[in-house]
Visitor: 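This is the structure, below, for whatever I ask next.
Just follow the structure's listing: the first ligand is 1, and inside any ligand the first atom is 1. In this text the structure is predicted, and so the values were computed from the model without any measurement.
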Amino acid sequence: MDEFVTLIYDGKEIQLPMVTGSEGEKAIDISRLRAETGFITLDPGYANTGSCLSGITFMDGEKGILRYRGIPVEQLATKSSFKETAYLLINGRLPNRDELTRFSVMLNDNSLVHTDLKGFYQNFPRASHPMGILSSMVNALKSFYPELDTLEEEINITMTRLLAKVRTMAAMSYKISRGHEIVLPRPELTYCENFLNMMFDTPVTPYEIKREVVNALRVFWILHADHEQNCSTSSVRMVGSARVNLYAAISSGIAALWGPLHGGANQAVIEMLTKIQEEGGDCAKIVQRAKDRNDPFRLMGFGHRVYKTYDPRAKIMKKMCDELLESMQITDPLLDTARELEEIALKDPYFIDHHLYPNIDFYSGIVLRAIGIPTNMFTVMFALGRLPGWIAQWKESTDDPKWKISRPRQIYTGNQEYDYVPLHAR
Ligand code: CMC
């Protein structure tokens with residue numbers, strides 16, 4: 001039965017339809033509000049605005065739930081491969097054996113990149129951030145791979161190319177930044193093994209693929225694979241809504257992810273922990289600073305727009321971090337600082353009252369350090385993990401029969417009309 005809410009304004013009653021999601025989430029459909037009342041809604045940061053109907057990822061911020069296509073992320077992190085999770089997100093269901101093999105073959109077939117791309121990399125200034133490079137290079141891919149015959153072919157091949165090539169391009173940028181020979185992908189390696197090998201293999205020291213390192217990367221990427229309508233995903237959808245090509249839409253997602261309040265937080269956490277150590281290790285002082293309203297500083301790796309009890313990804317990441325460091329027999333002093341900081345913050349009334357808990361980025365940097373990823377590549381690692389989610393969300397939005405170009409409105413607060421004054425009279 002259709003449900004409505006009634007808006008009463010100025011003696012008039014307006015019926016607005018209610019929408020209920022498959023997990024009971026409720027929304028008021030205000031799409032006719034302006035036509036019927038002249039009003040728009042105002043919601044800075046879209047904190048209470050649903051921009052779409054989506055069947056990809058379910059999050060419950062109060063209960064700390066995250067599911068991809070209905071499957072709890074905890075199960076995927078334990079049992080699935082990153083490739084299988086990517087297939088699940090993009091196609092809406094788990095693949096059977098044949099489908100997974102075909103998907104693997106397609107990824108392998110598309111994993112090489114055009115050699116001319118190498119020249120592009122070499123012309124970026126030395127100090128360029130890898131996220132800026134990645135965003136530009138993904139956008140440039142469109143020039144290297146012109147349109148295919150049918151739209152369906154175009155979409156399928158482009159999605160596969162992105163998943164296969166962006167991983168190669170990320171490893172390639174690292175190798176070039178170090179002045180090392182590029183290592184090509186090898187078809188006999190898994191998706192995660194291949195990336196590690198392309199990053200760390202050298203003609204002098206062949207890379208030894210360690211089970212625990214591959215596992216850490218697998219879990220890291222699965223935990224990052226999608227997170228419904230966050231800032232970068234909304235950017236992909238918004239840019240994509242103009243019917244731009246997929247490369248350009250993903251490039252916009254990479255640019256949004258770069259920000260320290262979003263994916264850039266994993267790098268910012270390590271920089272914060274390092275600074276605490278360099279300044280004598282006083283965690284209480286940094287917590288005090290984060291609470292100071294006159295100081296813009298925030299505790300990096302804490303807080304989340306949706307999670308208000310705990311971030312389920314952070315729970316898995318923290319456990320995996322402990323296990324990885326133990327099995328690799330690594331002692332990282334930053335981990336001790338992170339633990340102390342977490343303990344102090346979690347007992348602090350400000351953090352309790354504001355529902356601020358460690359998010360996925362609090363421990364992910366320590367995991368990435370342990371597997372040898374340089375700090376300025378951390379957000380690139382997040383981007384590689386988020387690719388399947390961005391692709392799935394882009395595909396869902398372009399397939400939507402009710403698709404509309406994204407075009408929010410505003411409440412104008414500037415000057416009212418006044419006349420132009422010529423320069424000589426000002
Ligand atoms: N340290 C100190 N205070 C904080 C923090 C923090 N990390 N996060 C939020 N607050 C305070 C904020 O000052 C505000 O206080 P008040 O209401 O007294 O003015 C209140 O909590 C609400 O903050 P908000 O900025 O309105 O919340 P938001 O939902 O807009 O922001 C956030 C969410 C993640 C941007 C924010 O918590 C933050 O800046 N965290 C640090 C950066 C970070 O770790 N980002 C990674 C997010 S998870 C990875 C991803 O998926 O992107």
Side-chain angles (χ1 to χ4, degrees), residues 43-49 56-62 64-66 68 73 131 220-236 252-273 275-276 283-318 338 341-342 344-368 375 378-390 393:
D43 183 17
Y46 309 126
N48 294 293
T49 297
I56 302 172
T57 288
F58 174 69
M59 286 170 75
D60 183 324
E62 272 67 40
I65 291 174
L66 174 63
Y68 300 156
V73 75
M131 283 297 274
F220 176 91
W221 274 344
I222 289 177
L223 294 181
H224 284 86
D226 194 48
H227 218 217
E228 52 122 297
Q229 308 312 318
N230 56 81
C231 178
S232 56
T233 303
S234 302
S235 306
V236 169
S252 76
I254 297 171
L257 190 74
W258 191 359
L261 297 191
H262 191 9
N266 55 15
Q267 177 174 341
V269 168
I270 293 297
E271 287 164 355
M272 177 184 75
L273 296 174
K275 194 153 178 278
I276 294 174
C283 292
K285 192 169 117 198
I286 210 87
V287 169
Q288 219 39 49
R289 226 190 120 190
K291 292 166 17 178
D292 183 353
R293 283 179 185 275
N294 299 316
D295 188 334
F297 173 77
R298 286 181 166 201
L299 207 56
M300 287 293 134
F302 261 74
H304 198 273
R305 171 64 64 78
V306 182
Y307 296 125
K308 297 299 172 198
T309 49
Y310 69 94
D311 177 343
R313 306 166 303 167
K315 207 170 161 184
I316 303 170
M317 190 66 82
K318 184 178 180 185
L341 193 60
E342 181 184 3
I344 297 173
L346 288 181
K347 282 190 201 139
D348 191 292
Y350 172 93
F351 283 81
I352 297 169
D353 293 348
H354 284 77
H355 307 287
L356 299 171
Y357 297 86
N359 58 50
I360 188 166
D361 290 320
F362 196 66
Y363 283 101
S364 67
I366 297 174
V367 169
L368 293 176
T375 312
F378 283 6
T379 316
V380 168
M381 299 301 290
F382 189 155
L384 293 174
R386 185 55 57 86
L387 255 184
W390 285 333
Q393 300 269 353

Visitor: What is the closest protein heavy atom to atom 50 (C) of ligand 1, and at what distance does it sit?
Guide: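 Result: His262 ND1, 3.5 Å.
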Visitor: Does any N/O atom on Arg293 come nearer than 3.5 Å to any N/O atom on ligand 1?
Guide: yes
Visitor: Under a 3.5 Å distance rule, please check whether Ser232 uses its side chain to pair with a backbone N or O of Ile254 as donor and acceptor.
Guide: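 No, because the side chain of Ser232 does not come within donor-acceptor range (under 3.5 Å) of the backbone of Ile254.
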Visitor: Geometry only, no angles: is Gly301 polar-contacting ligand 1 at N/O separations under 3.5 Å?
Guide: yes
Visitor: Among Val306, Leu299, Asp361, which residue places a heavy atom closest to atom 1 (N) of ligand 1?
Guide: Leu299
Visitor: Quick one: which of Arg386, Arg298, His304 has a heavy atom closest to atom 23 (O) of ligand 1?
Guide: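 Checking each option, the heavy atom nearest atom 23 (O) of ligand 1 is found in Arg298.
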Visitor: Just let me know how Leu261 lines up against ligand 1, side chain, backbone, both or neither, with a heavy-atom cut-off below 4.0 Å.
Guide: both
Visitor: Is there a donor-acceptor pair closer than 3.5 Å between any side-chain N or O of Asp361 and the backbone N or O of Ala265?
Guide: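 Side chain of Asp361 to backbone of Ala265: no pair is present.
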Visitor: Checking side-chain polar atoms at under 3.5 Å, does Asn266 have a donor or acceptor matched by the opposite partner on Ser364?
Guide: no
Visitor: Step through it carefully: locate the ring centre of His262, locate the ring centre of His227, and say whether they are under 6.0 Å apart.
Guide: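 No, the ring centres sit 6.0 Å or more apart.
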Visitor: Do Glu342 and Tyr363 have a side chain donor and acceptor closer than 3.5 Å?
Guide: yes
Visitor: Ligand 1 versus Asp311, non-hydrogen atoms closer than 4.0 Å: side chain, backbone, both, neither?
Guide: neither
Visitor: So, for atom 7 (N) of ligand 1, does the protein have a heavy atom nearer than 4.0 Å?
Guide: yes
Visitor: Starting from the C-alpha separation in whole Å, work towards a yes-or-no answer on side-chain contact (heavy atoms from CB on, under 4.5 Å) for Arg289 and Arg298.
Guide: CA-CA 8 Å; Arg289 226 190 120 190; Arg298 286 181 166 201; over 6 Å; no
Visitor: With the threshold set strictly below 4.0 angstrom, can you tell me whether any protein non-hydrogen atom sits that near atom 28 (P) of ligand 1?
Guide: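 Neighbour list for atom 28 (P) of ligand 1 includes protein heavy atoms (cut-off 4.0 Å).
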Visitor: Would you tell me whether Glu228 and Gln393 have side-chain atoms, one donor and one acceptor, within less than 3.5 Å of each other?
Guide: no
Visitor: Determine, considering heavy atoms only, which of His355, Arg313, Arg289 sits nearest to atom 51 (O) of ligand 1.
Guide: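 Answer by nearest heavy atom: Arg313.
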Visitor: Taking the ring of Tyr307 and the ring of Tyr357, is the distance between their centroids below 6.0 Å?
Guide: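 No, the ring centres sit 6.0 Å or more apart.
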Visitor: Quick one: look at His354 and ligand 1, take heavy-atom pairs under 4.0 Å, and tell me if it's side chain, backbone, both or neither.
Guide: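 Contact part for His354 vs ligand 1: side chain (C-beta onward).
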Visitor: Please work out whether any backbone atom (N, CA, C, O) or any side-chain heavy atom from C-beta onward of Tyr350 is under 4.0 Å from ligand 1, and answer side chain, backbone, both or neither.
Guide: side chain
Visitor: Would Phe302 count as a polar contact of ligand 1, with the cut-off being nitrogen or oxygen pairs under 3.5 Å?
Guide: yes
Visitor: Of all heavy-atom pairs between Met272 and Leu299, which one has the smallest distance, and what is that distance?
Guide: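 So the minimum-distance heavy-atom pair works out to SD-CD1, 3.9 Å.
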Visitor: Counting only nitrogen or oxygen atoms and a 3.5 angstrom limit, does Lys308 reach ligand 1?
Guide: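 No - when backbone and side-chain N and O of Lys308 are compared with those of ligand 1, no distance drops under 3.5 Å.
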